[in-house]
**Q** 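Dumping the structure here so I can ask a few things about it.
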Amino acid sequence: MPIRQMKDNSEQHLVIKNHLQNTMNPIQRTPKTAQNGKGPPAGHEPHNTKQSHNHTSPPTKNKGRRRGRGGRKSDQGAVCMRPSSRHCTVAQKPVNPGSADILAATSNGSIQNDHNLSGMEMGFPTSSKSLIFASRPGFGQVGTKCIVKANHFFAELPDKDLNQYDVTITPEVTSRTMNRAIMAELVKLYKGSVLGMRLPAYDGRKSLYTAGEFPFSWKEFSVKLVDEDDGINGPKREREYKVVVKFVARANMHHLGQFLAGKRADAPQEALQILDIVLRELSTKRYCPIGRSFFSPDIRAPQRLGDGLESWCGFYQSIRPTQMGLSLNIDMASAAFIEPLPVIEFVAQLLGKDLLSRPLSDSDRVKIKKALRGVKVEVTHRGNVRRKYRVSGLTSQPTRELVFPVDDNSTMKSIVEYFQEMYGFTIQHTHLPCLQVGNQRKANYLPMEACKIVEGQRYTKRLNERQITALLKVTCQRPRDREHDILQTVQHNAYNQDPYAKEFGVKISEKLASVEARILPAPWLKYHETGKEKDCLPQVGQWNMMNKKMINGMTVSRWACINFSRSVQESVARGFCNELAQMCQVSGMEFNPEPVIPIYSARPELVEKALKHVYNATMNKTKGKELELLLAILPDNNGSLYGDLKRICETDLGLISQCCLTKHVFKISKQYLANVALKINVKTGGRNTVLLDAISCRIPLVSDIPTIIFGADVTHPENGEDSSPSIAAVVASQDWPEVTKYAGLVCAQAHRQELIQDLYKTWQDPVRGTVSGGMIRDLLVSFRKATGQKPLRIIFYRDGVSEGQFYQVLLYELDAIRKACASLEPNYQPPVTFIVVQKRHHTRLFANSHRDRSSTDKSGNILPGTVVDSKICHPMEFDFYLCSHAGIQGTSRPAHYHVLWDENNFTADGIQSLTNNLCYTYARCTRSVSVVPPAYYAHLAAFRARFYMEPEMQENGLNSCSNGQAKGTRAVGESGVRPLPALKENVKRVMFYC
């Protein structure tokens with residue numbers, strides 16, 4: 001993915017601010033929070049002492065940590081802050097009494113500089129080669145120590161030279177399967193002679209790898225193969241291929257050994273890639289390879305998913321560098337495959353009706369064509385001859401009407417006659433269309449009843465709800481069962497008997513890695529003083545609202561209800577609204593029991609008209625005062641209704657809405673009502689709970705100075721959507737020291753673009769000239785307006801980034817953060833900590849003993865708060881696995897946090913505890929969540945923004961920028977960008993609460 005060119009102009013503010021050092025900024029410190037479960041910590045007021053980080057790693061671990069990134073100043077300029085009424089104060093050095101407030105808001109909403117922070121500027125690396133990720137500052141010590149097992153298997157390093165050869169096949173072949181068949185034949189023919197008894201591993205494309213050298217550096221081979229997928233007429237042809245094998249390079253195994261020992265920072269990717277291919281070679285021959293996973297119907301019996309699909313079980317495999325050395329990560333996997341049925345049976349399942357008696361409608365044809373295009377079929381009307389073809393389309397006419405020329409005199413013959421005369425095959429169902437195979441220039445016809453779907457084709461299109469539910473049932477395994485299947489897979493694969501592993505000298509352990517872990521304590525939560533329980537210590541990642549009141553309960557005086565469900569009578573809807581209003585009151589809100597207008601019933605297809613009617617009717621009734629809340633009752637299966645309602649409310653009318661499904665209206669549950677009340681409170685601007693340590697100013701590197709916490713994510717279109725835009729979302733905390741309330745912005749950008757384009761942007765205004773904007777800048781300004789403070793520290797949680805994109809994302813997005821800050825005020829460069837959050841990994845942690853109930857939650861998973869930063873983590877870099885949530889069903893997946901950049905000097909304990917504690921502040925439920933909330937909210941915001949795209953925009957795949965009204969100066973901004981509808985101001989703070 002290309003990175004934006006860094007231009008040398010006035011807009012480039014690539015500077016690294018000198019770190020806020022503890023000695024220069026003494027802060028208030030309080031004793032450590034009590035965590036013994038016996039009661040809340042005594043005394044909530046901070047004491048004035050020097051800063052101290054509890055459980056800090058030895059200082060020597062931090063020294064030299066920024067090597068290669070430039071030095072620091074030994075002193076820091078004074079920070080001038082406006083006096084605040086907040087109970088967390090910032091200790092400062094004396095400043096010039098005449099200095100003005102920093103970042104004073106101007107009347108037009110922009111920010112001007114009245115006082116400069118002194119700081120050291122230094123060049124930021126402009127390429128990945130000069131960039132070094134944050135190194136591990138030490139290991140965490142906080143928490144109860146325990147042992148867990150991980151699905152990592154130690155791999156012994158080979159002591160042989162690994163060599164890479166380039167492979168060129170002529171004529172060129174695009175199929176990996178065919179490439180592999182050619183190379184397998186080559187090895188079979190020449191291994192004992194020209195290849196010098198070497199058994200090479202092949203990547204299926206251009207590279208061949210050996211342990212030791214071939215007796216040649218360049219050689220051309222001739223290989224003959226029978227083409228199984230030859231044309232429809234005539235005998236199969238034998239094709240000859242020329243294969244040129246040429247020596248390229250030798251992998252540096254010493255480099256890999258040094259890297260694993262923590263003596264080198266750069267990972268030798270080529271050596272790791274070779275070992276990964278070697279260990280995949282045998283499985284590639286045995287199973288169906290999809291990405292990094294392997295599937296087979298023999299691993300476990302396939303389960304039907306409906307509509308002609310079935311689930312295949314398999315396993316994921318990847319070699320990884322870890323602190324314990326090389327590790328083979330093995331996990332169970334499942335995927336949807338097309339069931340190898342006769343085509344007529346597949347189509348009958350797809351349409352859910354009998355094909356044999358009734359003709360197909362136009363919509364049936366479209367559905368069949370979409371489902372079968374690109375699918376491989378084999379013929380069944382020729383006995384043992386099972387030629388395979390790829391479906392390119394469907395005939396518009398039934399089989400009985402299809403004719404084609406059989407000679408140069410344009411003598412025509414029907415398909416029915418041809419199959420009868422040529423193969424003695426009588427086509428029974430002539431009312432059905434034929435499959436078109438081959439290309440459009442020379443398409444051939446095959447009757448549906450003469451074809452069967454070839455086994456082993458993964459289904460890559462979108463699954464429906466029923467299929468997703470069925471697939472989840474297959475994939476959802478209890479931890480004990482998953483561990484058992486993983487061990488069985490390793491034993492069945494028998495890596496130590498693998499001829500390729502033996503050839504290359506790789507040995508794999510058959511035991512799960514035992515890893516030292518710690519269980520971090522849950523944080524104390526603060527509720528309102530008027531409730532019976534003012535503080536709460538969650539137990540096993542959960543708590544409830546009994547005897548508690550929201551710490552900041554909001555008032556809802558003006559609300560209305562719209563009912564789109566025909567089965568819900570007005571009396572039922574009224575009763576539900578009454579129950580919900582009571583629950584809101586009990587939970588600490590002030591909620592008017594009476595709506596502004598009577599409950600309005602409407603048809604789902606008239607959603608826009610109905611919403612505007614309710615909006616106008618309530619505005620008239622309240623004499624221009626807007627609704628504070630709109631309740632909407634939806635059918636259980638509501639199609640596009642939910643998305644349409646949210647789009648209209650949030651981009652057109654500016655209404656805060658809460659949707660409830662019919663099934664919950666009929667079956668009123670106290671737990672459901674309590675959860676809805678939590679959502680309503682935060683949507684209307686309240687807080688449900690806050691961390692006790694936050695309001696007591698006891699969170700290291702958050703409570704000492706104004707700190708803003710960002711979350712960012714990019715969601716991409718589903719497979720098969722080739723032109724739809726990707727959606728980027730950024731949220732940021734809007735309160736300090738509580739760090740509980742967030743505001744969010746969304747932006748559509750180029751298809752499959754992972755770098756967030758609108759973090760910072762500039763555009764030309766005819767009056768003002770060059771204008772700065774973007775999501776980071778807007779959220780920094782919003783924080784300043786909300787808190788009266790300027791962020792002096794930035795913590796940025798970035799979701800959805802794969803390891804291969806770390807460098808690009810950090811370079812581009814940290815640069816954007818720098819520019820956004822500098823555009824607000826010269827030399828304004830608050831220190832940044834940039835953390836990537838990953839959930840799409842395959843590391844799983846299991847209790848050391850499944851029988852020990854004290855070490856697991858009710859679902860059999862490891863306890864919430866379990867953190868691992870050793871053995872299976874990176875040899876040098878600052879990463880950790882954190883399982884912050886209690887499992888419900890299946891095996892919990894810990895989140896993987898990788899600190900790529902850290903100018904705030906977090907200790908391992910500091911960032912791990914902060915991340916774990918934040919997971920208890922998620923507003924929508926009384927459970928700790930699996931991903932840190934700012935990243936979670938960003939994901940929800942990006943998902944929500946797909947509803948904002950107009951239907952024709954989604955179909956056409958037009959890219960767009962949100963929120964900023966003018967187009968940016970970057971290439972993406974100039975490519976006919978169509979903006980997303982602008983969010984109403986009152987929605988930006990709540991749209992991700994859903």
Side-chain angles (χ1 to χ4, degrees), residues 554 556-570 572-574 576-577 580-581 591-592 594-662 665 676 679-680 683-685 744 746 748 941 943-955 958 960 962-963 965 978-994:
M554 294 303 289
V556 176
S557 303
R558 300 180 301 278
W559 63 278
C561 177
I562 187 166
N563 177 17
F564 288 104
S565 179
R566 292 179 182 176
S567 59
V568 177
Q569 302 297 320
E570 185 180 350
V572 176
R574 196 162 54 245
F576 173 78
C577 290
L580 181 56
F591 202 101
N592 184 351
E594 293 299 323
V596 172
I597 61 172
I599 294 171
Y600 183 75
S601 295
R603 287 157 48 190
E605 61 271 22
L606 300 176
V607 56
E608 185 167 7
K609 182 180 177 182
L611 288 170
K612 288 183 176 178
H613 169 81
V614 170
Y615 178 80
N616 292 325
T618 54
M619 286 286 278
N620 290 334
K621 188 76 179 286
T622 60
K623 296 180 180 178
K625 293 181 179 178
E626 293 191 347
L627 278 183
E628 293 162 329
L629 177 69
L630 176 69
L631 295 177
I633 298 173
L634 309 186
D636 292 333
N637 299 310
N638 55 70
S640 65
L641 175 60
Y642 177 84
D644 291 340
L645 184 146
K646 291 295 183 182
R647 174 174 53 82
I648 295 163
C649 285
E650 294 170 7
T651 66
D652 186 5
L653 302 177
L655 290 177
I656 304 298
S657 59
Q658 176 61 52
C659 297
C660 303
L661 293 178
T662 297
V665 173
V676 173
K679 292 171 72 174
I680 289 174
K683 286 181 182 184
T684 52
V746 290
F943 186 78
R944 165 61 61 79
R946 291 221 168 264
F947 294 137
Y948 298 158
M949 293 189 292
E950 299 288 349
E952 66 271 16
M953 182 178 167
Q954 295 185 49
E955 290 166 10
L958 294 168
S960 58
S962 70
N963 305 307
Q965 301 304 308
R978 179 176 173 182
L980 285 173
L983 288 174
K984 296 297 182 182
E985 203 60 39
N986 63 327
V987 171
K988 291 180 182 178
R989 297 177 183 274
V990 300
M991 49 88 75
F992 43 82
Y993 293 126
C994 298

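Note that this is a predicted model, so its numbers are computed, not measured.
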**Q** Looking at every heavy atom in both E650 and L655, which two are closest together, and how far apart are they?
**A**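 Smallest interatomic distance, heavy atoms only, reads CG-O, 4.3 Å.
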**Q** If you take all heavy atoms of P635 and L661, which pair is closest and at what distance?
**A**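 Heavy-atom minimum between the residues: O-CD2, 3.6 Å.
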**Q** Counting only heavy atoms not in Q569, do more than 12 fall under 6.0 Å of its CD?
**A**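 No, CD of Q569 has 12 or fewer neighbouring heavy atoms, counting only those of other groups under 6.0 Å.
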**Q** Is there side-chain contact between K612 and L653, with heavy atoms separated by less than 4.5 Å?
**A** yes
**Q** Hey, what do you get for OG1 (T662) to CG (D636), rounding to the nearest 0.5 Å?
**A**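 Result: 5.0 Å between the selected atoms.
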**Q** Does any N or O in the side chain of N563 come within less than 3.5 Å of the main-chain N or O of A573, such that one atom is a donor and the other an acceptor?
**A**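 Answer holds: no.
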**Q** Please check: side-chain N/O of N986 versus main-chain N/O of G654, any donor-acceptor pairing under 3.5 Å?
**A** yes
**Q** Taking W559 for its side chain and L631 for its backbone only, find out whether a donor-acceptor pair lies under 3.5 Å.
**A** no
**Q** Nearest 0.5 Å, what's the CE-CZ distance between M554 and F591?
**A** 12.5 Å
**Q** Where do N592 and S557 come nearest, in terms of heavy atoms and distance?
**A**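 In terms of heavy atoms, the two residues are closest at ND2-O, 3.1 Å.
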**Q** Could you check whether any side-chain heavy atom of L611 comes within less than 4.5 Å of a side-chain heavy atom of L630, counting everything from C-beta outward?
**A**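 They are in side-chain contact.
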**Q** Does the N620 side chain pair with the main chain of A617, one donor and one acceptor, at a distance under 3.5 Å?
**A**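 It does not hold such a pair.
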**Q** When you measure from the side chain of K683 to the backbone of S657, do you find a donor-acceptor pair of N or O atoms at a distance under 3.5 Å?
**A** yes
**Q** Mind checking side-chain hydrogen bond (donor to acceptor under 3.5 Å, both in side chains) for T622 and listing every partner two or more places apart, or none if nothing turns up?
**A**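 With neighbours one apart ignored, the set is empty.
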**Q** How about V676 and Q658: do any of their side-chain heavy atoms sit closer than 4.5 Å?
**A**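 A side-chain contact exists here, since the closest heavy-atom pair is under 4.5 Å.
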**Q** Can you tell me how far apart CZ (R574) and CD1 (I599) are? Round to the nearest 0.5 Å.
**A**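 Reported value, rounded in 0.5 Å steps: 6.5 Å.
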**Q** CG of L641 to NZ of K646: how many Å apart, nearest 0.5 Å?
**A** 11.0 Å
**Q** Looking only at heavy atoms, which two atoms of I656 and E628 are closest? And how far apart?
**A** CB-O, 3.8 Å
**Q** So do E626 and Y615 actually touch side chain to side chain, heavy atoms under 4.5 Å?
**A** yes
**Q** Would you call the rings of Y642 and F947 parallel, tilted or perpendicular, taking 30° and 60° as the class edges?
**A** perpendicular
**Q** Where do C659 and L645 come nearest, in terms of heavy atoms and distance?
**A** SG-CD2, 3.8 Å
**Q** Work out which heavy atom in I562 is nearest to a heavy atom in A610; give both atom names and the distance.
**A** CD1-CB, 3.6 Å
